[in-house]
Amino acid sequence: YGGLFMKRPGAGAFRKFSSENSSLTTNNIYAVHNDSRNNLWVGTQYGGLYRYDYSKSRLEHFAQQQLGNPFIWDIHEDKAGDIWIATYGDGLWRLRYSQSYLPEKINAPARCFVTLCELSDGRILAGTEKEGLVSVDPITGNVELVSTAEGLADNTIYGILQDDNGDIWIS
């Protein structure tokens, strides 16, 4: 809840990014992800999505018109370089790299997403709070919901991991 901090190699002190000295509208940071193209993505609690511009050494509010200022719980980059955003209350979003990260809302049967995981077959699994597990095939666009009706012990999913054997672990 105190903002975002960066420490460069060899630097003695941390640099603080906050609503007082940067474009952040809130100091509540919930997700950070450095993608394969050296973009640092920052997700906030009801302050939206930010991207750090290394050439200008500053945070920039990203796609606020399309995304608004959702509560972003998790950020993930898939094998294609697309960025997935799990929001709490505003659904699941995909930023397509091939379209300059244009936001696309996924038509999913849930709204309160908290975690993301990409499986070895390319599907994105998205865990929710009280709404089950959502599977998205990025190629076909097929979306499926798995819940207690299909055997989950609970409809709240906080962690997802696929191990080297292909087993999927859910907490």
Side-chain angles (χ1 to χ4, degrees), residues 1-9 11 13-118 124-136 138 143 145 155-161 171:
Y1 295 115
L4 181 68
F5 296 84
M6 173 181 65
K7 187 171 188 300
R8 293 199 183 271
F14 285 88
R15 179 177 176 194
K16 179 179 181 180
F17 296 87
S18 70
S19 59
E20 292 82 31
N21 70 358
S22 74
S23 65
L24 286 172
T25 58
T26 178
N27 292 328
N28 302 339
I29 310 299
Y30 269 71
V32 291
H33 180 80
N34 199 59
D35 70 19
S36 63
R37 292 173 176 83
N38 206 30
N39 291 302
L40 179 72
W41 299 95
V42 179
T44 67
Q45 181 186 32
Y46 301 116
L49 181 66
Y50 293 80
R51 185 169 62 175
Y52 184 73
D53 184 331
Y54 284 93
S55 67
K56 298 176 184 173
S57 296
R58 71 175 184 196
L59 279 172
E60 298 174 343
H61 213 160
F62 190 85
Q64 186 179 16
Q65 282 189 323
Q66 297 92 342
L67 291 171
N69 290 314
F71 186 158
I72 298 172
W73 265 91
D74 200 8
I75 301 170
H76 175 79
E77 178 185 17
D78 69 17
K79 294 171 189 168
D82 294 342
I83 303 298
W84 293 78
I85 308 292
T87 73
Y88 193 86
D90 290 300
L92 184 62
W93 292 80
R94 178 186 193 182
L95 309 178
R96 289 184 184 260
Y97 170 71
S98 64
Q99 297 175 359
S100 301
Y101 299 112
L102 180 68
E104 164 194 16
K105 190 166 188 175
I106 303 300
N107 187 16
R111 294 185 55 236
C112 296
F113 292 93
V114 295
T115 189
L116 297 164
C117 176
E118 182 176 10
I124 301 294
L125 293 185
T128 70
E129 190 168 80
K130 300 179 183 175
E131 297 176 302
L133 180 69
V134 173
S135 172
V136 180
V143 177
L145 175 68
N155 282 330
T156 295
I157 311 294
Y158 286 127
I160 308 166
L161 175 76
S171 68

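Values below: every heavy atom of this structure, side chains too, minus hydrogens, waters and symmetry copies.
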Which residues pass the side-chain hydrogen bond (donor to acceptor under 3.5 Å, both in side chains) test with S55, sequence neighbours left out? D53
Of the non-hydrogen atoms in L116 and L92, which two are nearest, and what is the gap between them? CD2-CD1, 3.6 Å
Close side-chain approach of W84 and P138, heavy atoms under 4.5 Å: yes
Taking S19's backbone N and O only, do any of them form a donor-acceptor pair with N27's side chain (distance below 3.5 Å, no angle check)? yes
Would you check if the side chain of K105 reaches a backbone N or O of D90 as a donor-acceptor pair within less than 3.5 Å? yes
Give the minimum heavy-atom separation between N107 and V143, together with the two atoms involved. O-CG2, 3.8 Å
4.5 Å side-chain heavy-atom contact, N28 and T44: no
On a heavy-atom basis, the closest approach of G47 and N69 is O-OD1, 3.1 Å
What residues form a side-chain hydrogen bond (donor to acceptor under 3.5 Å, both in side chains) with R94, not counting sequence neighbours? D82
Validation row: L67, I72 side chains within 4.5 angstrom (heavy atoms): no
For D78, salt bridge (Lys or Arg N to Asp or Glu O under 4.0 Å) partners two or more places apart: none
Drop me the distance from I106's CD1 to I85's CD1, to the nearest 0.5 angstrom. 11.0 Å
Which residues share a ring-ring contact (aromatic ring centres under 6.0 Å, His included) with H61, sequence neighbours left out: Y50
So do F113 and D74 actually touch side chain to side chain, heavy atoms under 4.5 Å? no
Qualifying residues under side-chain contact (heavy atoms from CB on, under 4.5 Å), relative to F5, sequence neighbours excluded: F14, K16
Side-chain touch R51/Y101, heavy atoms, less than 4.5 angstrom: yes
Hey, is CD on E20 packed in by over 12 heavy atoms from elsewhere, all under 6.0 Å? yes
Who are the salt bridge (Lys or Arg N to Asp or Glu O under 4.0 Å) partners of R37, not counting sequence neighbours? E77
Output all residues satisfying ring-ring contact (aromatic ring centres under 6.0 Å, His included) with F62, sequence neighbours left out; order by chain, then residue number. W41
Going by salt bridge (Lys or Arg N to Asp or Glu O under 4.0 Å), name the residues that satisfy it together with R58, two or more places apart in sequence or in a different chain. E60
Residues that Y46 engages under ring-ring contact (aromatic ring centres under 6.0 Å, His included), provided they are two or more places apart: F71
Does any non-hydrogen side-chain atom of Y52 lie less than 4.5 Å from one of N34? no
Can you name the ring-ring contact (aromatic ring centres under 6.0 Å, His included) partners of Y1, sequence neighbours left out? none
Among all residues two or more places apart in sequence or in another chain, which pass the salt bridge (Lys or Arg N to Asp or Glu O under 4.0 Å) test with R96? E104
If you measure from OG on S57 to CE on M6, what distance do you get to the nearest 0.5 Å? 6.5 Å
Nearest atoms (heavy-atom pairs only) where Y88 meets C112: CE1-CB, 3.7 Å
Nearest heavy atoms of G132 and I157, plus distance in Å: O-CG1, 3.9 Å
If you round to the nearest 0.5 Å, how far is CG of N155 from NZ of K130? 11.0 Å
Do L145 and E131 make a side-chain contact, defined as non-hydrogen atoms from C-beta onward lying under 4.5 Å apart? no
dist I160:CD1 -> S171:OG (nearest 0.5 Å) comes out at 8.5 Å
Considering all heavy atoms of both residues, which atom of L4 and which atom of I29 are nearest to each other, and what is their separation? N-CG1, 4.1 Å
Applying side chain to side chain donor-acceptor pair (under 3.5 Å) as the test, list every pair that has at least one member in residues 108-118; sequence neighbours left out. H76-E118
Any chance you could measure I83, atom CD1, to W93, atom CH2, to the nearest 0.5 Å? 15.5 Å
